[in-house]
Amino acid sequence: MIKAHHFPVQKKFGQNFLIDENVLSSIVEAAGIGSGDCVLEIGPGMGALTGYLLDSASKVIAVEVDKMLIPILEGTVGKDEKLILINDDILKVDLDGLIEKENEGRPIKVVANLPYYITTPIIMELLGRGSAIESITVMIQKEVAERMTEGPGSKAYGALSLAVAFYSKAHTVMTVSKNSFYPRPDVDSAVIRLDVYKPEDRPIKCDDPDQMFRIIKAAFGQRRKTLANALSHSPDLDLSREDIENALRKMEKSESIRGEVLTLQEFAALSDILSRS
Ligand code: SAM
C-alpha cells in the first residue's frame, strides 16, 4: 500500500505500520471489544487495526494526525457508518467533549498501536480522564511497558509508573517482535492492557490527585535533589520549605529524603498532609 499510494512514511509521526495479522487480531481480542463498545483508536494509519475494530465494536472514533493518511484509510475501510474519522492531533482533541458527543458520556475503550514518540503524554492524558475511559489496550515500546510496572529503587520508576498504578490495573498481554512492523523499528514492542479503576475503586485514595501528580512531577523532575528542595522550588506548587519539612516529619521521614524512594501510598499521604495543613 505504501508503494501503491507513493506514501511518504513520516518518521516524525512515529509511523511503523503493523503487518502481522496474528498480532492485529490478538490486540482486538485482548481489548475484549464487544458489540456494545465505543472504541477510540489513536493513529489508525492505513487502517490495519481499524478494520478489525469495526468488525467487533458498535462505533470506532479514529484520530489521525497525518492528513495524507486520511484518503488511504477511507479506501481501506470503505464507507462505514460506525466510523468517525477525525484528522487531528490526539493531544489537542477535547476528549471529554468527544466522548459526550459520540457515546453520550458513557465510558469508552482505547485501542491503538501508539506512535512511540508521544506514548507517555498520551497515556498520562488518558489516565487522567477519570471514569470516561474504561480500558486502554495499546502497543508500546517494550522498555516503556517495563517502566510502567516498576517500583521504588528502580531507575525506571517515575511519574508514568505511579500514574499507571494509581489509576489502573496493568498487565502485559504479549511482546511483539520488531519484524511485525513496516518500516521495522529499532526496538521490540509489547501490548499492554490497563483496566482503569472507577475513582471510588482506586486502591490508593488521595484528596487531590492533581496536586499529588504535581508533587510527583516535581520530585522526579529534580531526581538528584532532596524532596524538600525539589518541591519548594517547583513553579507548579505553592509550598514552603517549612510546610514540606513538617509534613515529612509527620510521616517519620528524614528531611533529606529523595522523592524516588517514596511509594505511591507515601506520595498520596504527603499530598493529603500538605493539602490539609
Ligand atoms: N494503527 C496503524 C497500524 O497499526 O498500522 C498505525 C500505527 S503507527 C505506530 C502510529 C500512527 O499514529 C501513525 O498513523 C501516525 O501518523 C499517527 N500519529 C502520530 N502522532 C499522532 C498524534 N499526535 N495524534 C494522532 N495520530 C498520530
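In each ligand, atom 1 is the first atom listed, and ligand 1 is the first ligand listed.
At least one N/O-N/O distance between G43 and ligand 1 falls below 3.5 Å. At under 3.5 Å, not a single nitrogen or oxygen of M46, backbone or side chain, sits near a nitrogen or oxygen of ligand 1. Between N16 and ligand 1, not a single N/O pair is under 3.5 Å apart. An N or O contact shorter than 3.5 Å links L18 to ligand 1 by distance.
At a 4.0 Å heavy-atom cut-off, ligand 1 does not touch A112 at all.
Contact annotation: E41 has at least one heavy atom less than 4.0 Å from an atom of ligand 1. Residue contacts with ligand 1 include Y117, since one of its heavy atoms falls under 4.0 Å from the ligand. Using 4.0 Å as the threshold, L69 has a heavy atom nearer than that to some atom of ligand 1. In this structure, D88 has a heavy atom closer than 4.0 Å to ligand 1. In this structure, D89 has a heavy atom closer than 4.0 Å to ligand 1.
V65 N, 3.3 Å is the protein heavy atom nearest to atom 26 (N) of ligand 1. Annotation: atom 4 (O) of ligand 1 to nearest protein heavy atom, N113 ND2, 2.9 Å.
Listed by atom number, the atoms of ligand 1 under 4.0 Å from G45 heavy atoms are 6 (C), 14 (O). Within the listing of ligand 1, atoms 8 (S), 9 (C), 10 (C) sit less than 4.0 angstrom from a heavy atom of G14. Atoms of ligand 1 lying under 4.0 Å from any heavy atom of L114, numbered from 1 in the order shown and given with element: 9 (C).
Under a hydrophobic-cluster definition in which Ile, Leu, Val, Met, Phe, Trp and Tyr are linked whenever side-chain heavy atoms come within less than 4.5 Å, directly or via other members, L126 and F166 are assigned to the same cluster.
Note on ring orientation: taking the six-membered ring where Trp is involved, the planes of F267 and F220 are tilted (angle from 30° to 60°).
Side-chain contact of R184 with N16: a donor-acceptor pair under 3.5 Å is absent, judged by distance alone.
Between E81 and K59, none of the side-chain N atoms (NZ, or NE/NH1/NH2) sits under 4.0 Å from a carboxylate O, so this pair counts as no salt bridge. A salt bridge is defined here as a Lys NZ or Arg NE, NH1 or NH2 lying under 4.0 Å from an Asp or Glu carboxylate O, and E143 with R147 fails to meet this definition.
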